Amino acid sequence: MPKNPIRKPLVAANWKMNTERAEAAALAKNVVDSIGRQYKVDVVLCPPYIWLHDVGMIIRDSNISLGAQNMHWEDKGAFTGEISSIMLKSIGCKYVIIGHSERRQLFGETDENVNKKLKKALTVVLMPIICLGETLEERESNRTAEIVTNQFRSAFDGISDFGGITIAYEPVWAIGTGRNATPQQAQEVHKILRQMLQNKTAEYENIRILYGGSVKPDNAAELYKQDDIDGFLVGGASLKAGDFAAIVQAAMI
Ligand code: 13P
């Protein structure tokens with residue numbers, strides 16, 4: 001089936017733990033200047049928590065939305081160093097990334113945590129971007145479908161209304177390595193995810209599935225041509241306004 005125009009493309013920048021204060025402001029401003037007025041692609045900037053306010057002020061009058069890189073599932077309390085969904089809402093976030101592989105691999109985030117965070121995000125009307133993907137070892141032992149299927153089932157356990165949810169397929173071996181999944185490899189997994197959505201909801205055609213992992217200006221267009229790739233979650237290349245803008249452009253065609 002050709003790409004369904006019902007899904008507006010979405011390109012999100014995950015700045016990870018990068019940028020000092022002035023750099024963050026300059027980057028946000030450059031992104032606004034280059035793609036802040038277009039309306040064909042939903043564009044989201046996810047800076048470090050500490051720059052959410054600054055970046056939010058800079059993108060305020062543009063078509064760019066604010067997102068966070070993580071959240072806690074409780075509203076408040078004795079959770080030193082954590083940030084709640086309510087805090088994110090009150091600073092102007094519209095989106096939140098949940099279950100990024102770096103959270104899973106480096107900070108012990110479990111499938112159960114991801115599910116709790118997802119449920120909380122939905123209750124406060126934050127739009128979650130749920131990340132999943134296999135490691136190189138899992139891919140090489142032909143377990144990709146099994147891994148993403150299991151991650152999908154756990155993340156969406158108890159969820160029936162998918163309104164506002166975005167999925168990001170990010171193969172761990174492609175993140176920050178310069179080795180992106182080929183368009184065919186990505187499409188194969190996106191198709192599995194679309195089928196899983198179809199088993200869960202009649203709205204499966206409305207839900208955006210992003211690809212992430214070494215997305216660059218020179219590979220974005222080919223990836224975006226795939227029927228079930230509805231945009232990108234971009235790490236390294238989102239730290240250069242020109243590269244990020246070029247990736248957004250690739251999702252307009
Ligand atoms: P890179 O684009 O740097 O590979 O990172 C991808 C990613 O993890 C986005 O969340």
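If you're wondering where the values come from, they're calculated on a predicted model, not measured in any experiment. When a ligand or atom number is given, it counts from 1 through the structure's own listing order.
At a 3.5 angstrom cut-off on N or O pairs, H100 counts as close to ligand 1. Looking at ligand 1, you'll find an N or O of G236 within less than 3.5 Å of one of its N or O atoms. When only interatomic distances are considered, the shortest N/O to N/O separation between K16 and ligand 1 falls below 3.5 Å. Inclusion of G235 in the set of residues having an N or O under 3.5 Å from an N or O of ligand 1 is warranted.
Screening K117, H100, E82 for a side chain to side chain donor-acceptor pair (under 3.5 Å) with N70, the sole residue that qualifies is K117. T135 pairs with exactly one of E140, Q105, R143 by the side-chain contact (heavy atoms from CB on, under 4.5 Å) rule, that one being Q105.
Counted by atom type alone, W173 and E138 present zero donor-acceptor pairs between their side chains at under 3.5 Å. Side chains of Q187 and D228: a donor on one and an acceptor on the other come within 3.5 Å.
Surrounding CD of Q185 are more than 12 heavy atoms belonging to other residues, nucleotides or ligands, all under 6.0 Å away.
Against a heavy-atom cut-off of under 4.0 Å, N14 is close to the following atoms of ligand 1: 9 (C), 10 (O). Remark: ligand 1 atoms within the under-4.0 Å shell around heavy atoms of G176 are 1 (P), 3 (O), 4 (O). Annotation for ligand 1: atoms under 4.0 Å from non-hydrogen atoms of I175 are 4 (O), 5 (O), 6 (C), 8 (O). Every atom of ligand 1 with a heavy atom of A174 under 4.0 Å away is listed here by number and element: 4 (O). Contact atoms of ligand 1 toward G213: 4 (O), 6 (C) (distance under 4.0 Å to a heavy atom of the residue).
Remark: E102 engages K16 in a salt bridge (Lys or Arg N to Asp or Glu O under 4.0 Å) (not counting sequence neighbours). Taking the ring-ring contact (aromatic ring centres under 6.0 Å, His included) definition, one finds that F156 meets it with F152, F162, sequence neighbours left out.
Using a 4.0 Å heavy-atom cutoff, C131 is absent from the residues neighbouring ligand 1. Proximity of A237 to ligand 1 is not established, as no heavy-atom distance is less than 4.0 Å. Close to ligand 1: S214, with a non-hydrogen atom less than 4.0 angstrom away.
Residue contacts with ligand 1, taken as heavy atom pairs separated by less than 4.0 Å, involve L233 via backbone and side-chain atoms alike.
The pair K29-D33 meets the salt-bridge criterion, with a side-chain N (NZ, NE, NH1 or NH2) lying under 4.0 Å from an Asp/Glu carboxylate O.
For atom 9 (C) of ligand 1, the closest non-hydrogen atom of the protein is E170 OE2, 2.9 Å.
Residue L193 is not grouped with residue L210 when hydrophobic side chains (ILVMFWY) are merged at heavy-atom distances under 4.5 angstrom, including chains of intermediate members.
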